[in-house]
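Working notes, structure below.
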Amino acid sequence: MGIIEKMRLDGKKAFVTGGARGIGKSIAYALAEAGADVAIVDIDLAESEKTAGQIARDTGRKCIAVSADVTDKEQVDRMIETILKEFGRIDAAFCNAGICINAPAEDMTFEQWKKVIDINLTGVFLTAQAAGKVMIKQGGGSIINTASMSAHIVNVPQPQCAYNASKAGVIQLTKSLAVEWAMKGVRVNCISPGYIGTDLTLNSPTLKPLIEKWNEMSPLHRLGKPEELQAIAVYLAGDASSFTTGSDFVVDGAFTCI
Ligand code: NDP
């Protein structure tokens with residue numbers, strides 16, 4: 001099979017958490033364009049339904065919307081059951097839902113800390129664990145977690161210690177699962193984006209004013225676009241990446257190089 005064929009995802013079944021908007025939506029779109037049926041999982045069902053409808057119309061693939069809060073184990077388990085009922089199997093699982101809260105470490109409330117860790121780290125574990133069980137049973141699959149360049153550097157000027165710690169945790173969780181599940185046919189990788197223009201950055205009252213500053217600091221002097229993460233997502237979802245597991249892919253326009 002040639003490399004272009006291996007990059008295709010025809011017949012594969014995938015889901016993306018935080019898939020209603022931003023990076024997750026862009027990844028879901030790319031998976032469907034490459035031939036996969038995709039479940040859009042999000043806490044916001046109305047927005048997931050809109051996204052699933054749009055992707056199905058544009059790509060001709062089956063796209064379903066599933067509501068789940070990734071911090072709630074029962075909801076995550078129910079979400080996996082729904083996807084299995086609709087699709088019969090899960091070949092690629094994108095654990096992507098995440099939030100950022102900015103607060104100086106000395107003032108960060110316990111609730112703020114817990115919320116970030118619950119969604120960004122525990123949510124990834126619960127989702128990967130539930131998908132991993134299915135993949136082990138079916139004899140293979142690919143899990144892709146969204147980490148961040150914040151796992152590698154400390155962003156400035158905004159204080160975001162919980163976010164940075166949660167994302168460093170995602171990378172080590174990714175490596176741990178990759179090693180545990182290597183011989184069970186389940187590959188686990190993560191993507192670490194730099195600053196990307198999404199609701200999380202463009203519509204955040206605390207982060208939006210900092211964009212000019214980040215652009216000054218960045219070798220490419222601009223934010224990334226969600227679609228600039230699509231190719232790595234399609235590669236990691238399918239058979240082209242069969243020897244790739246336990247890896248973290250930094251896609252940041254060289255931000256972390258300086
Ligand atoms: P967005 O805020 O645009 O999208 C995130 C989506 O996740 C939203 O639809 C949100 O729903 C959903 N979500 C939030 N909490 C939960 C939850 N508990 N359960 C299920 N879904 C939830 O963010 P991005 O697309 O920018 O970010 C996606 C991922 O990429 C995150 O993990 C983020 O940390 C990471 N990332 C983003 C970067 C950036 O610069 N944008 C850089 C590096 C990493 P709702 O809006 O309704 O809350």
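Only a predicted model underlies this, so the values are computations on that prediction, with no experimental measurement involved.
Within the model, atoms CG of L126 and CD1 of I119 stand 12.0 Å from one another, a figure rounded to the nearest 0.5 Å. Atoms CD and NZ, on Q138 and K184 in that order, are 14.5 Å from each other to the nearest 0.5 Å.
A side-chain donor from one of N155 and S150 sits under 3.5 Å from a side-chain acceptor of the other. T244 and Y235 share a donor-acceptor pair across their side chains, judged by distance under 3.5 Å alone. Donor-acceptor pairing under 3.5 Å is recorded for the side chains of Q230 and S26. Looking at H152 and D252, their side chains never bring a donor and an acceptor atom within 3.5 Å of each other. With no hydrogens or angles considered, no side-chain donor-acceptor pair links R21 and T198 at under 3.5 Å.
Contact check on E227 versus K25 returns no salt bridge, with no Lys/Arg side-chain nitrogen under 4.0 Å from an Asp/Glu carboxylate oxygen. In summary, D37 and R89 do not engage in a salt bridge, as defined by a charged side-chain N under 4.0 Å from a carboxylate O. Looking at R61 and E33, no side-chain N of the basic residue comes within less than 4.0 Å of a carboxylate O on the acidic one, giving no salt bridge. Using a 4.0 Å cut-off between charged side-chain N and carboxylate O, K50 and E47 make a salt bridge.
Heavy-atom neighbours of E212 CD from other residues, nucleotides or ligands within 6.0 Å: at or below the threshold of 12. Atom CG of D239 has 12 or fewer heavy atoms from other residues, nucleotides or ligands within 6.0 Å.
Side-chain atoms of N164 and K167, non-hydrogen and from C-beta on, never get closer than 4.5 Å to each other. No side-chain heavy atom of V41 sits under 4.5 Å from any side-chain heavy atom of S48. Between L202 and I211, the closest side-chain pair of non-hydrogen atoms falls below 4.5 Å. Contact check for T201 versus W214: side-chain heavy atoms found under the 4.5 Å cut-off. Between L223 and I196 the shortest side-chain heavy-atom distance does not fall below 4.5 Å. Two residues are said to be in side-chain contact when any heavy atoms from C-beta on lie closer than 4.5 Å; I143 and W181 meet this criterion. Side-chain contact between K115 and I99 is present, with heavy atoms from C-beta onward closer than 4.5 Å. For the pair F249 and L236, the minimum side-chain heavy-atom distance is below 4.5 Å.
Without hydrogens or angle criteria, T245 side chain to V188 main chain gives a donor-acceptor distance under 3.5 Å. One N or O on the side chain of R187 and one on the backbone of S241 form a donor-acceptor pair closer than 3.5 Å. In terms of modelled atom types and a separation under 3.5 Å, the side chain of S166 and the main chain of Y163 share a donor-acceptor contact. Within the 3.5 Å criterion, the main-chain N or O of G98 finds no donor-acceptor partner in the side chain of N120. Listed for the T17 side chain is a donor-acceptor partner under 3.5 Å among the backbone atoms of N96. Formation of a donor-acceptor pair under 3.5 Å by the Q112 side chain with backbone atoms of T109 is found in this model. Checking side-chain atoms of T71 against main-chain N and O of D118 turns up no donor-acceptor pair under 3.5 Å. Judged by distance alone, the side chain of D72 and the main-chain N or O of Q75 form a donor-acceptor pair under 3.5 Å. At least one donor-acceptor pair closer than 3.5 Å links the side chain of D42 to the backbone N or O of D44. Under a 3.5 Å cut-off, the side chain of N189 and the backbone N or O of S247 do form a donor-acceptor pair.
The heavy-atom pair separating P159 from P104 by the smallest distance is CG-N, 3.6 Å. Pairing each heavy atom of V38 with each of A32, the nearest pair is CG2-N, 3.9 Å. The shortest heavy-atom contact between S204 and P209 is O-CD, 4.1 Å.
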Discussion item. For a side-chain contact (heavy atoms from CB on, under 4.5 Å) check, start with the C-alpha distance between Q129 and K73, then their side-chain angles and the critical distance, and finish with the verdict.
Written reply: CA-CA 10 Å; Q129 184 189 44; K73 184 170 163 30; 4.3 Å; yes
Practice prompt. Could you walk me through whether Y29 and D58 pass side-chain contact (heavy atoms from CB on, under 4.5 Å), step by step?
Written response: CA-CA 9 Å; Y29 210 105; D58 289 357; 2.3 Å; yes
Item to complete: Could you check F94 against T146 for side-chain contact (heavy atoms from CB on, under 4.5 Å), going step by step and ending with a plain yes or no?
Response: CA-CA 8 Å; F94 282 81; T146 304; 5.7 Å; no
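I90 and V124 fall within the same hydrophobic cluster, defined by Ile, Leu, Val, Met, Phe, Trp and Tyr side-chain heavy atoms under 4.5 Å apart, directly or through other members. Note on V186 and V76: same hydrophobic cluster, where clusters join Ile, Leu, Val, Met, Phe, Trp and Tyr whose side-chain heavy atoms are under 4.5 Å apart, directly or indirectly.
A side chain to side chain contact (heavy atoms under 4.5 Å, CB included) with C95 holds for exactly one of N145, V16, I144, V170; it is N145. None of I40, D91, V66, I80 except one satisfies the side chain to side chain contact (heavy atoms under 4.5 Å, CB included) rule with F15; the exception is I80.
Between F255 and Y195, the ring centre distance stays below 6.0 Å.
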